[in-house]
Amino acid sequence: MTDETEADLTGGAPRRRPKPSADKIGNRKLKPSTMMMGYGYDPVLSEGSLKPPIFLTSTFVFPNAAAGKRHFEGVTGKRPGGAEGLVYSRFNGPNQEILEDRLGVWEEAEDALAFSSGMSAIATLFLSMVKPGDTIVHSGPLYAATETLIARILGRFGVHWLDFPAGATRAEIDAVLSKAASGNVALIYLESPANPTNALVDVEAVRASRDAIFKGAKPPIAIDNTFLGPLWAQPLRQGADIVVYSLTKYAGGHSDLVAGGVLGSKEHINTIRLMRNTIGTICDPNTAWMLLRSLETLELRMSRAGENAAKVCEFLRTHPKVEHVGYLGFLEGGADERQADIYRRHCTGAGSTFSLYLKGGEKEAFAFLDSLKIAKLAVSLGGTETLASHPAGMTHLSVPEARKQALGITDNLVRISIGVEDADDLIADFEEALKAV
Ligand SMILES: *Cc1c(COP(=O)(O)O)cnc(C)c1O
């Protein structure tokens, strides 16, 4: 989409997508945090406006009929790579394209797509890859709506699934993939860390297993990187082919929008784009614009939230009313050497979302939650503000009792997402709330 002939194809209009060299100063490759301020946007095309305007239009005027035909070849997948010009707002738009260019930068992905929600991104990915009789192999547990989509909705269309636990060893992954390989495996779908167990998936082991077991066509490996990405985990580097995001969380980061993203190779993105263009799961221009603003501070916000979480968890772990803190930063030197090893190979930070197990049960957990003053009682994560919730009674209420126990979703579990407030203020809030327990 960045080739030198684009000006001719759009009938002489200036280039919209970034030049291949737009990520360099001399020989220096720029960091994503720098590129978020300008990459993919040319003010000359918008009256010199420093920031991209929000393009509220349903359709775009073609410079000439030949350009219109050529753009439609891109939109319909007749020619891979997406449209070279703007066509119709169900397919593309300037705000969404700038967002996609910048999203890809964080993980050095070849291409990226923006969606109206994390779930519409995941659903579009699945619909573009599976057909009746196929199997999806996935790590477990997954985000509840993703599990519902695979088992209950795709299941109605004859799609099968097999899963392995998030923390599975190479041998365990091999066993499940070998069993699945007797049918047609369309996709291997991972989520790491798993929610709310925080178990990390060994993406390198999944990749090695996939490559060993599937000799011919290999099913792509997709992974939901919402909890640690793009700052603390970049699974394309460990061999994943496709990365999925709920941009509602850390990427949006202000709890004021819902959106999703998919990153990966041009080949896979072309397949997914064709489905998105058909069913219309792209995000709207206003949301794309808000995400552009969010991405400018992504590194600042995530770094601060991560530092805050480290301090808060350090305080909580020794508190007499706390049974256990499930925080990735405590894996090192802990009981589970295998998880610590995955953490060292896959993660550059522990994130800011963790599990707090209080001594007691629902009564104690509710007393704690009801006494918090700074932290808000709400589900979701990755915002500037600290949130706390009760998985057993809220997000995972409908999960059967036996499965809840197996996943460690007990009545004394509180799920916390730390924001960018002052760390000592947060500690004071938790300290006072623990007094009420
Ligand atoms: C929130 C979330 C989703 C779903 O995203 P929406 O933007 O709410 O559709 C998917 N996966 C994970 C891990 C999430 O936290």
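Because the structure is a prediction, the values reported are computed rather than measured. Just so it is clear, the values below take in all heavy atoms, side chains as well, and ignore hydrogens, waters and symmetry mates. Counting starts at 1 for both ligands and their atoms, following the listed order.
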Starting from atom 11 (N) of ligand 1, what is the nearest protein heavy atom, named by residue and atom, and what distance separates them? Asp224 OD2, 2.6 Å
Atom 7 (O) of ligand 1: which protein heavy atom is closest, and how many Å away? Thr248 OG1, 2.6 Å
Taking distance alone, with no angle check, do Ser246 and ligand 1 share an N/O pair under 3.5 Å? yes
Side chain to side chain, Ile416 and Val414, heavy atoms closer than 4.5 Å: yes
List in chain and number order the residues that pass side chain to side chain donor-acceptor pair (under 3.5 Å) with Glu172, two or more places apart in sequence or in another chain; answer none if no residue qualifies. Thr169
Thr248 vs Ser117 side-chain heavy atoms within contact, under 4.5 Å: no
Can you sort out which atoms of ligand 1 are near Ala259, meaning under 4.0 Å from one of its heavy atoms? 7 (O)
Is the shortest N/O to N/O distance between Gly118 and ligand 1 below 3.5 Å? yes
Student check: side-chain heavy atoms of Phe60 and Ser89 closer than 4.5 Å: yes
When His390 is tested against each of Tyr357, Phe366, Phe368 for ring pair (Phe, Tyr, Trp, His ring centres under 6.0 Å), which residue passes? Phe366
Does the side chain of Lys51 come within less than 4.5 Å of Arg293's, by heavy atoms? no
Got a salt bridge between Glu299 and Lys31, using NZ or NE/NH1/NH2 to carboxylate O under 4.0 Å? no
What residue and atom, counting heavy atoms only, is the protein's closest point to atom 15 (O) of ligand 1, and at what distance? Lys249 NZ, 2.7 Å
Nearest protein heavy atom with distance in Å, relative to atom 9 (O) of ligand 1: Met119 N, 2.8 Å
Do me a favour and list the nearest non-hydrogen protein atom to atom 4 (C) of ligand 1 with residue, atom name and distance? Tyr143 CE2, 3.3 Å
For Phe227, atoms of ligand 1 separated by under 4.0 Å from a heavy atom: 13 (C), 15 (O)
Backbone or side chain, does any N or O of Leu381 fall under 3.5 Å from an N or O of ligand 1? no
